[in-house]
Chemist: 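Shown below is the structure under consideration.
Below, all heavy atoms of this structure are taken into account, side chains as well, without hydrogens, waters or symmetry copies. Here is how names work: the chains are called A, B, and so on, in the same order as the sequence lines, proteins then strands, and each is numbered from 1.
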There are 2 protein chains.
Amino acid sequence: MPDPKQTKASPNMADTDIAIVRIAPETSFKNKAYEALKEAILKMDIYATPEPVMLDERALSERLGVSRTPIREAIAMLEQDGFVKTVPRRGIIVVRRTKSEIVDMIRAWAALESMAARLITTTARKKDISALRDFFKDFSDDRLPQDHVEEYSKANIAFHQALISLSESPVLVDLTNDLLLHVRGYRQLTIGRKDRTATSLPEHLGIIEALEARDTELAEKRARDHTLGLAAYVEAHGQELFT
Amino acid sequence: MPDPKQTKASPNMADTDIAIVRIAPETSFKNKAYEALKEAILKMDIYATPEPVMLDERALSERLGVSRTPIREAIAMLEQDGFVKTVPRRGIIVVRRTKSEIVDMIRAWAALESMAARLITTTARKKDISALRDFFKDFSDDRLPQDHVEEYSKANIAFHQALISLSESPVLVDLTNDLLLHVRGYRQLTIGRKDRTATSLPEHLGIIEALEARDTELAEKRARDHTLGLAAYVEAHGQELFT
DNA sequence: ATTACGTTTTTGGCATACCAAATGCCACGA
DNA sequence: TCGTGGCATTTGGTATGCCAAAAACGTAAT
């Protein structure tokens, strides 16, 4: 919807649209701090030590070279995300999730992903669905996933995120990404350890096949059961992962 | 885990635990502002006018009687929730959802609710499931829902929230509540208008029956299809709801 | 040595002041 | 009349400073 006033270009305005790209929005310190802190929190292993991890506003403002104000706003945002909890006159605590919370999140993830699968069967292009196999092209009977857990784990995450994206549902994408961030906090649990890795790949392929076949119910069921399987696994074998 | 130092009470400390309830945390201005603004945003009909609704930090700080600092922190939180979007040097705008965004949210809701239904069949008590019928006890063949749309709509929401709660999954509860808040922004769409109201009640009862029968698959399917039905309805009849 | 009590320090909450960019108004001139 | 330029205003962004509560520390009395 062009502005009517501009239909007639002013004299000194070039007729051809020169490459003006809408100047860099220069994200604010608040957002920079938010991203920086979020990344730092996700990078650290908050379950490594028994005592809670604390953050200090002033220390952060010094290390990031900005005043406390944008830091506090960033903290407020992180608190909304559920990554930290600030206790007045006490400190800012990086939230540690319990096993049951993680299991709970994985279940929600399963719900969202199964809906994504459902939608994909009715809207996605065959080509895009088949492309999902590429995430596992580096694995085969000669190169088993369970022998390269770390690498497979990465492919695993990428696959799931690509899958959800195919639903073309921004809400599903955002919600699952948020959940993933929390779940991945447990880096010991590399989304299905060695023993689960073996069954994971076939299940993924099964999901892809159901999607290609446009079998809505089956795709939904397989996607759901696959992720619920992870939830059950964590619930059963979670003890040693948490302590 | 009582503090060891306090196992032996000091002289002037009463032996009997009197009703000390952990003193009022006196919620901060930041949180008060957050709640106040959130409620205000939800209460207003942002789709009534064509021009975007703007908020002004200074005006808000005056009306709420606090400085801009806690207001800004509250705004930052609301932005995380997706209720507002602040544009530098421009203003704070209350986000308006498009029809497809609302449909998308309802689909995600359907996903979460069907998972809740699934969980309920394996964990909830019969008594609690049956209690879900109470939400509709004021409606019958003599008092049809479609003749009391407003009242039925309230019961409808309450039913869905109670249903999700039965899953005893905090994540599902929180996520759906967030979605509901956004969806309810469209107050014209009172969660299924008159024409949908007629089919709504039987579907609800069908869900309850499946839950009572502990039929996991059926309960999941009915819960999902019911809410997906709403999504389809909005998608089809959404034109007039959105101008 | 241990406990009670008072002082210092730490920490988040809040208010205030200033800045810079974007806008709008208005006068001036072609 | 139209558009050009610039100044005043508006608005979010950021930096600072102070406050009060709570914890940490230290000292003195038993």
Chemist: Below 4.0 angstrom, which residues in residues 51-67 of chain A have at least one non-hydrogen atom near DNA chain C?
Modeler: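 Contacting residues: A:L55, A:D56, A:E57, A:R58.
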
Chemist: Separation of A:I92 atom CD1 from C:dT10 atom C1', in whole Å?
Modeler: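 Nearest whole value for this atom pair: 13 Å.
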
Chemist: Distance check: side-chain N/O of A:R90 vs OP1/OP2 of C:dG12, anything under 4.0 Å?
Modeler: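 It does not, given that no N or O in the side chain of A:R90 lies less than 4.0 Å from OP1 or OP2 of C:dG12.
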
Chemist: Got a sec, which residues hit side-chain hydrogen bond (donor to acceptor under 3.5 Å, both in side chains) with B:D178, two or more places apart in sequence or on another chain?
Modeler: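 side-chain hydrogen bond (donor to acceptor under 3.5 Å, both in side chains) list for B:D178, sorted by chain: empty.
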
Chemist: Mind listing the closest non-hydrogen atom pair of A:V95 and A:V84 along with its distance?
Modeler: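 Of all heavy-atom pairs spanning A:V95 and A:V84, the closest is CG2-C, 3.6 Å.
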
Chemist: Using the test side-chain hydrogen bond (donor to acceptor under 3.5 Å, both in side chains), find all partners of B:N177 that sit at least two apart in sequence or belong to another chain.
Modeler: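 B:N177 satisfies side-chain hydrogen bond (donor to acceptor under 3.5 Å, both in side chains) with B:Q161 only.
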
Chemist: Identify, with sequence neighbours excluded, every residue that meets side chain to side chain contact (heavy atoms under 4.5 Å, CB included) alongside B:A162.
Modeler: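 Counting only residues at least two positions away or on another chain, B:A162 forms a side chain to side chain contact (heavy atoms under 4.5 Å, CB included) with B:L132, B:F135.
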
Chemist: With hydrogens left out and only the distance checked, is there a donor-acceptor pair under 3.5 Å joining A:S28's side chain and the base of D:dT14?
Modeler: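 When only heavy-atom distances are counted, A:S28 does not reach the base of D:dT14 through any donor-acceptor pair under 3.5 Å.
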
Chemist: Considering residues at least two apart in sequence or located in another chain, which fulfil the side chain to side chain contact (heavy atoms under 4.5 Å, CB included) criterion with A:D134?
Modeler: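 A:A131.
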
Chemist: Could you check which of D:dT11, C:dG12, D:dA23 has an atom nearest any side-chain atom of B:R89?
Modeler: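 Nucleotide nearest to B:R89's side chain: D:dT11.
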
Chemist: In whole Å, what is the span from the CD1 atom of A:I93 to the C1' atom of D:dA23?
Modeler: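 My rounded result for the distance is 14 Å.
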
Chemist: What integer distance in Å separates B:E73:CD from D:dT14:C1'?
Modeler: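 Spelled out: CD on B:E73 to C1' on D:dT14 is 13 Å.
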
Chemist: Rounded to whole angstrom units, what separation is found between the CD1 atom of A:I71 and the P atom of D:dT14?
Modeler: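 Those two atoms, CD1 and P, are 10 Å apart.
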
Chemist: Would you check, one step at a time, whether the test side-chain contact (heavy atoms from CB on, under 4.5 Å) holds for A:L166 with A:T123?
Modeler: CA-CA 9 Å; A:L166 279 186; A:T123 65; over 6 Å; no

Chemist: With sequence neighbours excluded, what pairs up with B:E113 under the side-chain hydrogen bond (donor to acceptor under 3.5 Å, both in side chains) test?
Modeler: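 Residues passing side-chain hydrogen bond (donor to acceptor under 3.5 Å, both in side chains) with B:E113: B:W109, B:H160.
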
Chemist: Taking only side-chain nitrogens and oxygens of B:R68, does any of them come within less than 4.0 Å of OP1 or OP2 of D:dG12?
Modeler: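 Answer no for this pair, as no side-chain N or O of B:R68 is under 4.0 Å from OP1 or OP2.
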
Chemist: Tell me what B:T86 touches on the nucleic acid: a base, only sugar-phosphate, or nothing, going by heavy atoms under 4.0 Å.
Modeler: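 Result for B:T86 = sugar-phosphate.
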
Chemist: Of the options C:dA15, D:dT11, D:dT14, whose atoms approach the side-chain atoms of A:P70 most closely?
Modeler: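 In terms of side-chain proximity for A:P70, the closest of C:dA15, D:dT11, D:dT14 is D:dT14.
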
Chemist: In whole Å, I'd like the distance from the CD atom of A:E79 to the P atom of C:dG12.
Modeler: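 After rounding, the reported distance stands at 12 Å.
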
Chemist: Whole-Å distance between D:dG12 P and A:F29 CZ?
Modeler: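 It works out to 19 Å between those atoms.
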
